Amino acid sequence: MKKLERYSKKWWFFALLLLAQFIFPPIVSRNFDSQDISRMVYVTLGNAPQCHLGNLNIVFQSLSLLILILLFVFKNKMRTAFNAYVAVSYLTVAFIQNMAVTEQYGFSIVTVNLVMFLFVAYVWIRETLRPENNYVFSGFKWKYAWMIVLAIFAYWFPFTPQGKLDFNPLHFFANNTATAYCMMTPAFLTILTLNLPNVNIVTYRITAIIGFIIGIYNMFNFFNPYTVWLGVAHIPLFLISLYCAILSYRFAAPMNGENIPIYRPEN
């Protein structure tokens with residue numbers, strides 16, 4: 001990932017990702033008007049397979065909780081399994097969360113989301129095949145505690161379908177956050193942050209930057225009185241991704257090879 005590490009430090013890299021929002025138009029089989037794109041995106045995301053998993057949600061939620069718990073218990077012994085889980089999660093979510101078949105639009109795809117999610121999946125696949133992340137969770141810093149709180153909030157998603165707060169602990173198992181990009185990304189970024197500087201800085205940066213861009217989109221929910229609660233639910237994604245994107249440049253290894261983050265394998 002040497003080239004990607006070098007390119008991702010350039011100002012134009014972030015500009016290119018922003019430009020991509022306009023390069024990849026949605027794919028819609030019928031009734032599409034470019035002036036109605038926000039409505040089309042809303043309908044597609046709201047009717048994607050990810051929203052209709054039903055009883056399978058408890059399977060995916062339980063699996064994600066198990067993976068997270070095992071990572072904290074066994075640390076680097078779970079490295080390959082955790083990296084692979086994250087890679088497969090992003091790869092799966094890219095497809096099940098960004099396309100749908102609806103009566104209004106027929107078959108539709110939010111193309112730019114699909115491309116960006118696949119980009120994140122790609123860097124995690126590379127991390128799985130050539131691991132650099134070192135999950136030791138040593139030297140805990142309290143300055144990162146707020147990230148843990150927000151990540152748990154996002155994963156918990158303590159809301160009713162009507163948008164009212166509901167702190168029922170069963171939401172950890174009944175909701176579909178394990179298959180939602182916006183709800184799981186804060187957890188993945190928090191885990192990497194707790195292990196800085198011994199992480200794959202490219203994987204960390206790309207995950208954070210794209211999370212920040214998606215977070216910006218979701219902040220527009222605050223402008224609609226009916227979706228304010230969705231804006232609140234996406235605050236963890238927005239804040240954690242922004243913070244991690246900034247940290248990714250602070251911990252980046254200079255190209256002259258000096259002060260490269262040290263990788264300390266666990267016995």
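Atoms considered below: every heavy atom in the structure, side chains included; atoms not considered: hydrogens, waters and symmetry mates. Predicted model only: the values in this text are computed from it and were never measured.
Between Leu196 atom CG and Asn133 atom CG the span is 9.5 Å, to the nearest 0.5 Å. Atom CG of Leu66 and atom CD of Gln61 lie 13.0 Å apart (nearest 0.5 Å). Once rounded to the nearest 0.5 Å, the distance linking CG of Asn83 with CG of Leu71 reads 9.0 Å. Of the inter-residue distances, the one linking Thr207 atom OG1 with Phe188 atom CZ reads 9.5 Å to the nearest 0.5 angstrom. Here the straight-line distance linking atom CD1 of Ile148 with atom CH2 of Trp142 works out to 8.0 Å at 0.5 Å rounding. Distance OG1/Thr185 to CD1/Ile240: 10.0 Å, rounded to 0.5 Å.
Closest approach of Lys75 to Tyr135, counting heavy atoms only: CB-O, 3.0 Å. Closest approach of Thr128 and Thr80 over heavy atoms only: CG2-O, 4.3 Å. The nearest pair of heavy atoms linking Ala245 to Ile209 is CB-CG1, 4.2 Å. Counting all heavy atoms, side chain and backbone alike, Cys244 lies closest to Met147 at SG-CE, 3.5 Å. Closest heavy-atom contact between Leu65 and Phe172: CD1-O, 3.9 Å. Smallest separation of non-hydrogen atoms from Tyr204 and Ser248: CD2-CB, 3.7 Å.
Residues Phe82 and Phe74 form no side-chain contact, since every pair of their non-hydrogen atoms from C-beta on lies 4.5 Å or further apart. Considering only heavy atoms from C-beta on, Tyr155 stays 4.5 Å or farther from Pro186 through its side chain. At least one side-chain heavy atom of Phe117 sits less than 4.5 Å from a side-chain heavy atom of Ile214. A 4.5 Å side-chain heavy-atom check between Tyr105 and Arg39 finds at least one atom pair inside the cut-off. By the 4.5 Å heavy-atom criterion applied to side chains, Tyr90 and Val123 are not counted as neighbours.
Both Ile235 and Phe212 are part of a single hydrophobic cluster, where members link through side-chain heavy atoms under 4.5 Å apart. Linking Ile, Leu, Val, Met, Phe, Trp and Tyr residues whenever their side-chain heavy atoms come within less than 4.5 Å places Ile206 and Tyr249 in a single cluster. Two different hydrophobic clusters hold Phe95 and Leu45 under the rule that ILVMFWY side chains link at heavy-atom gaps under 4.5 Å. Hydrophobic clustering (side-chain heavy atoms under 4.5 Å, transitive across Ile, Leu, Val, Met, Phe, Trp, Tyr) keeps Ile109 apart from Met116. There is no path of hydrophobic side-chain contacts, each under 4.5 Å, that joins Met40 to Met99.
The number of heavy-atom neighbours closer than 6.0 Å to OH of Tyr226, taken from other residues, nucleotides and ligands shown, is 12 or below. Other residues, nucleotides and ligands contribute at most 12 non-hydrogen atoms within 6.0 Å of the CZ atom of Phe173. Counted within 6.0 Å of CG on Asn224, heavy atoms from surrounding residues, nucleotides or ligands total more than 12; the atom is thus considered enclosed. For CZ of Phe137, the number of neighbouring non-hydrogen atoms (other residues, nucleotides, ligands) closer than 6.0 Å is greater than 12.
Contacts classified as side-chain hydrogen bond (donor to acceptor under 3.5 Å, both in side chains) and involving residues 231-243 (residues at least two apart or in different chains) are given here: Asn218-His234.
Although no hydrogens or angles enter the test, the distance criterion places a donor-acceptor pair under 3.5 Å between the side chain of Ser29 and the main chain of Phe107. Gln50 places a side-chain N or O within 3.5 Å of a backbone atom of Asn176 that can act as its donor or acceptor partner. In terms of modelled atom types and a separation under 3.5 Å, the side chain of Tyr181 and the main chain of Gly211 share a donor-acceptor contact. The backbone N or O of Glu103 lies less than 3.5 Å from a partner atom in the side chain of Arg30, making a donor-acceptor pair.
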message: Would Asn221 and Val228 count as a side chain to side chain contact (heavy atoms under 4.5 Å, CB included) here? Give the steps.
response: CA-CA 5 Å; Asn221 283 306; Val228 168; over 6 Å; no
message: With side chain to side chain contact (heavy atoms under 4.5 Å, CB included) as the criterion, how do Phe222 and Thr227 come out once you've worked through the C-alpha distance, each side chain's angles and the decisive distance to 0.1 Å?
response: CA-CA 7 Å; Phe222 283 107; Thr227 60; over 6 Å; no
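Under the 4.5 angstrom side-chain criterion for Ile, Leu, Val, Met, Phe, Trp and Tyr, the cluster partners of Leu56 are Leu53, Phe60. Counting side-chain heavy-atom gaps under 4.5 Å among Ile, Leu, Val, Met, Phe, Trp and Tyr, the cluster of Leu129 also holds Ile125.
Side chain to side chain, Asn134 and Asn195 fail the donor-acceptor criterion of an N or O pair below 3.5 Å.
Considering Asn31, Thr102, Thr44, Asn98 in turn, Thr44 is the only one that fulfils the side-chain hydrogen bond (donor to acceptor under 3.5 Å, both in side chains) rule with Ser108. Exactly one of Arg205, Glu127, Arg130, Arg126 qualifies for a side-chain contact (heavy atoms from CB on, under 4.5 Å) with Asn200. That residue is Glu127.
The ring-ring contact (aromatic ring centres under 6.0 Å, His included) search around Phe32 returns none, not counting sequence neighbours. Remark: Lys141 engages Lys143, Tyr144 in a side chain to side chain contact (heavy atoms under 4.5 Å, CB included) (not counting sequence neighbours).
Taking the six-membered ring where tryptophan is involved, the planes of Phe159 and Trp229 are tilted, since the angle between them lies from 30° to 60°. The aromatic rings of Tyr122 and Phe119 sit parallel, their planes meeting at an angle under 30°, below the 60° perpendicular limit. In this structure, Trp156 and Phe167 have perpendicular ring planes: the angle between them is above 60°, well past the 30° mark.
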Return a table of donor-acceptor pairs under 3.5 angstrom between the side chains of residues 11-28 and protein atoms on other chains or two or more places apart.
{"from": "Gln21", "atom 1": "OE1", "to": "Tyr217", "atom 2": "OH", "distance (Å)": "2.4"}
{"from": "Gln21", "atom 1": "NE2", "to": "Leu17", "atom 2": "O", "distance (Å)": "2.6"}

